[in-house]
Amino acid sequence: MTDTSTAASPVSPAAAPSGDGSSLYLVDGSGFIFRAFHALPMLTRPDGTPVNAVLGFSNMLLKLLADLKAEAVAVVFDSKRLNFRNDFYPEYKAHRPEPPEELKPQFSLIREATEAFCLPCLEMEGYEADDLIATYARLAREAGRDVTIVSSDKDLMQLVRPGVRMMDPMKNRMIGPDEVVEKFGVPPEKVVDVQALAGDSVDNVPGVPGIGIKTAAQLITEFGDLESLLARAGEIKQPARRQKLIDFAEQARVSRRLVLLDDNAPLPKPLDELRVREPDHQKLVDFLKAQGFRTIVARVQAEMAKDGSIADAAAPSAAPAAGAPAAAPAAPQASGEAAPRVRSHSLHAVEKRYELVQDAEALRRWVERARETGVLAVDTETDSLTPATATLVGISLATEPGLACYVPLAHRAEGAAADGLLDFSAAEAPKQIPADEALAILKEVLEDPAVLKVGHNFKFDHQLFSARGVRVAPLDDSMLISYVLEGGSHGHGMDELAELHLAYTPIPFKEVCGSGKSQITFDRVPLDKALAYAAEDADITLRLWTLLKPRLVDERMVTIYETLDRPLVPVVADMERCGVRVDQAALARLSQDLSVRLAEIEKDVHALAGQSFNIGSPKQLGEVLFDVLKLGAGKKSKTGAYSTDSSVLEELAEQGHTIAQRVLDWRQLAKLKSTYTDALQEKIDPATGRVHTAFALAATNTGRLSSTDPNLQNIPVRTEEGRKIRRAFVAAPGHKLLSVDYSQIELRLVAEMANIAALKQAFHEGLDIHAATASQVFGIPLDKMTSDIRRKAKAINFGIIYGISGFGLGRQLGIPPGEANAFIKAYLERFHELKAWMEATKAFARQHGYVTTLFGRRCYMPGIQDKNPARRGFAERQAINAPIQGTAADIMKRAMARVPKALEEAGSGARMLLQVHDELLFEVPEGQAEEAAALVRRVMEGAASLGVPLVADAGIGDNWDEAH
DNA sequence: TTCGTCACG
DNA sequence: GACGTACGTGACGAAG
């Protein structure tokens, strides 16, 4: 983080340049274009020109210039695709696909942007941007100027040395020698040797096979450099590695030439011309306006109005609140009193004032502040990621950007023995408000209807507060807002969003608590570090919310957020907290039984193979089946290994190979044992006998939930063996389990959205839908329907939902793709509306980069414009599937938002436990089950009003298998 | 970590 | 005609 090169100079303690603007910033324009393009969601100008990378680039330059005072900045670009490296290694970067169509028009716009900023644009035919950067960096150093290379490209790390540093504009951090060692395991001057060995698949640098960065660093450290290593390769102990280095010595030398940057490139402009330039604000504003960048235009204009300059003119930092240590500066920060504060994320970055709150009076002041602003960002710190068992260690709050506090509640004395043994030498625990008292003070504001509480992944915090008698409301969740706005284009974790929207890297959790064996729980973190980390989280949450919330309105996504996603926060939090009862003894018995049977099968398989091997190893199994026993040709899969998945084994079994069937049996039982009977037992809370899954609300591309730790959405049901596990999910004494699931919801939605008259009619008539479609497609009367024809129609019906292909359907049905294609053709002729809908959906996806559900949720599909037909085909099938799967998910969310309230109003004691995409599982007091079933069915069937009826079926039992 | 495999909707 | 295929998930053991 610290700038080692300039800070070391006694003349310039700050990052400020020495003398006449002599410090030089070289921006890797080409590298940035690609990274920005892929990191940012697609945006277009009103005329349809894509400009997401242009916006990222402009933002980056603005921020860079704002953070600098009178330094020279130049932007360097690649010229043509080919350069001198291709003369001696034609494959260099040869496999790179053409840039995506949406990126192409942005190259010239980014050059225009550079001009609009009045910065020199440097490029030279036959050389990469990296070579020019290397050359200018060398010359500048020779002229006594400090150099900062602005790039995220690891290939430039070889240039780091005294006076030359890198700044990563995406992560907003400085890269000096330490960071290079962290990345490559060697100091900058040895980076090329490591890269020569490890190669780089992105640039098609071959390296030596089997050697990665870790091994390469170790070898170079041991032997000094590449040539010494190659000369003494015979001394290497590992035989395979030794041989590889001997065989591929020449390839390593070529690789080194490829990665070594040329610092003697011809110059497009003399170094002397790279000087500070006066910005032309009007020109810049005109350019930005032409791109439709309203927000940053406003920023630039505000700066102009303020002081007529883009450059940062922030006042020196205000004193932090009394008793509060200043937060660690997060941005690359020069030390020195006179240095301007480096902005953490924008021209209007606000001073960070973080306060440690250790007494009730101070806490009450924060509550008052929240009442004044009406908004309060909240984040909790715990000693565990499992809310059911977690201790509330502290709470952080933020009331406006930059203004945050941390309230420690259960911190231990610094240096307290981590193993819990008594340690009389340790100091007393730090001063803290008693947790009950703090919660009582906070309860007023957390439950105050006039104060909006903002969290990031608020479900977690909601659960903790709920367990302590506090029902947080009303609330907003910045994670869910991001998910609604940009689901499918990136993740929605706070760190990722901070980098994306605030160009800021939050303090990593690892930095506070360590990792691996030496990891400590948050209650052992010293208060100053805890403050910096926790207050920052609340601060960032508030900043993200400030940024993202208005976009819901602009992009007309308010209803989706407010009716589908936000209401699930308390609902799902309660489901998780409740958990589901699991009979541990039953699982243990199953485990035991499976062990015995697995051992028997294993003996059989080894006997049939004539040798002992690990059946669980696909590699060993493939070798036994195809090399030793020679059961057919084998070989599949991209990595060259034999494929041994169930389809392959089933085929072998059909040919009469007993061993294949036995392996299939073994696989099934092994899976049940490891994933279900064994692992699930570990997840049972011994105090309650219940399992608490976590439902992810912002994880999928389609709007579905997902379940983790453990995943309770994939409990076996399809086989009798598997259902034994399901029977271990039981109702509490005096209760029943109630399962209610939507019947054929996705196919109903196909009929609805594609408006297929015949299919809708069939649903209205309540027919067996697979038989009905079979009848219509193949022209067979219902009373003459055979199970085989019905099976085929069912497969096609599923295929439609998945974005059908002849190949996939053929494989599913075990028929040639040609025959499958004929079925599809017949289907699409009978249901002609479907074809039109699929084409229209794909066209929409191509045009917009996303598809929408019936309710308007967007699912972004980044691959839809891909030039590679395979990847594009994939995206097209996603584009067909996402509206269907996503609409079903939306409907289920509407139902989930309504069910708990409906139950409560009916005076039911039923509790909602689990959601499995089209099914809800409840625990109901005995005697109320039938009533609850009727009510839940009514809510689920009424969750959307469509042209096809929604039907939900209910089952009641003592365990999940019986109820299902 | 990544891969292959397989459990669910 | 390319290219490599049904959609969406999460967890496990093996192996590098």
Side-chain angles (χ1 to χ4, degrees), chain A residues 97 210-212 214-215 240 488 613-622 636-649 663-664 666-676 678-680 683 693-696 699-719 721-723 725-726 741-742 744-746 750 795-813 817 820 824 859 861 866-886 888-889 892 914-919 964:
Chain A
I211 294 191
K214 281 252 153 91
T215 313
F613 68 101
N614 185 348
I615 308 176
S617 158
K619 186 166 172 280
Q620 293 181 35
L621 177 64
K636 270 188 166 184
S637 106
K638 312 141 198 118
T639 50
Y642 292 118
S643 168
T644 66
D645 66 19
S646 54
S647 67
V648 172
L649 293 177
V663 171
L664 279 168
W666 186 93
R667 281 254 180 90
Q668 194 204 359
L669 301 186
K671 176 84 173 183
L672 293 180
K673 181 165 167 10
S674 66
T675 307
Y676 300 105
D678 289 354
L680 200 51
K683 301 286 182 180
T693 185
F695 288 102
T700 69
N701 287 332
T702 55
R704 274 190 177 182
L705 309 191
S706 78
S707 159
T708 57
D709 288 312
N711 181 353
L712 296 187
Q713 288 181 324
N714 69 348
I715 299 304
V717 71
R718 292 172 185 169
T719 65
E721 273 313 316
R723 281 196 291 276
I725 288 158
R726 207 162 257 248
D741 70 307
Y742 280 116
Q744 302 290 358
I745 187 165
E746 294 192 345
V750 171
I796 309 178
N797 283 336
F798 271 100
I800 297 302
I801 293 166
Y802 294 153
I804 197 141
S805 78
F807 186 95
L809 180 64
R811 207 167 60 84
Q812 175 68 30
L813 285 174
I824 296 171
C859 307
M861 335 240 87
D866 206 308
K867 277 201 71 163
N868 178 322
R871 282 200 286 270
R872 197 175 55 245
F874 185 50
E876 286 175 350
R877 292 193 297 274
Q878 289 179 314
I880 297 299
N881 172 257
I884 304 168
Q885 192 184 109
M892 179 54 105
L914 299 177
Q915 186 250 48
V916 192
H917 310 308
D918 64 358
E919 172 191 2
H964 192 270

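Here is the naming used below: chain letters follow the sequence lines, and residue numbers restart at 1 for every chain.
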Rounded to the nearest 0.5 Å, what separation is found between the [atom1] atom of [X] and the [atom2] atom of [Y]?
| X | Y | atom1 | atom2 | value |
| --- | --- | --- | --- | --- |
| A/L664 | A/L649 | CG | CG | 4.5 Å |
| A/E721 | A/K673 | CD | NZ | 14.0 Å |
| A/N711 | A/L680 | CG | CG | 10.5 Å |
| A/L809 | A/I800 | CG | CD1 | 8.5 Å |

Taking the [atom1] atom of each, how far is [N] from [M], in whole Å?
| N | M | atom1 | result |
| --- | --- | --- | --- |
| C/dC3 | B/dG4 | C1' | 22 Å |
| C/dA6 | B/dT1 | P | 28 Å |
| C/dA2 | B/dC6 | P | 31 Å |
| B/dT5 | C/dT5 | P | 13 Å |

Identify whether any heavy atom of [X] sits under 4.0 Å from a base atom; if not, whether one sits that close to sugar-phosphate; answer base, sugar-phosphate or nothing.
| X | answer |
| --- | --- |
| A/P716 | sugar-phosphate |
| A/L672 | nothing |
| A/A820 | nothing |
| A/I801 | nothing |
| A/R667 | sugar-phosphate |

A/Q620 (side chain) donor-acceptor with A/I615 (main chain) under 3.5 angstrom: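 Side chain of A/Q620 to backbone of A/I615: no pair is present.
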Please name all residues satisfying side chain to side chain donor-acceptor pair (under 3.5 Å) with [X], sequence neighbours left out, ordered by chain then number.
| X | value |
| --- | --- |
| A/R667 | A/T644 |
| A/T693 | A/S707 |
| A/Y802 | none |

Does a nitrogen or oxygen in the side chain of A/R877 sit under 4.0 Å from OP1 or OP2 of C/dA6?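 For C/dA6, neither OP1 nor OP2 has a side-chain N or O of A/R877 closer than 4.0 Å.
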Does A/R811 place a side-chain N or O at less than 4.0 Å from the phosphate oxygens OP1/OP2 of C/dA6?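 For A/R811, the contact criterion (side-chain N or O under 4.0 Å from OP1 or OP2 of C/dA6) is met.
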Heavy-atom contacts, protein to nucleotides 8-16 of chain C, under 4.0 Å, summarised as B (base), S (sugar-phosphate only) or - (none) per nt, yield BSBBS-SS-
Identify the heavy atoms of A/N714 and A/Y676 that sit nearest to each other, and give their distance. O-OH, 2.6 Å
Taking all atoms of both residues into account, what is the closest heavy-atom pair of A/I745 and A/A888, and its distance?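 Heavy atoms of A/I745 and A/A888 come nearest at CG2-CB, 4.1 Å.
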Please check if atom CZ in A/R811 has more than 12 non-hydrogen atoms from other residues, nucleotides or ligands closer than 6.0 Å. no
Nucleotide range of DNA chain B contacted by chain A, 5' to 3', under 4.0 Å to a heavy atom?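 Here the contact window of chain A covers B/dG4 to B/dG9.
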For DNA chain C, what dot-bracket results from Watson-Crick or G-U pairs at under 3.5 Å, with [ ] for crossers and | for inter-strand partners? ......|||||||||.
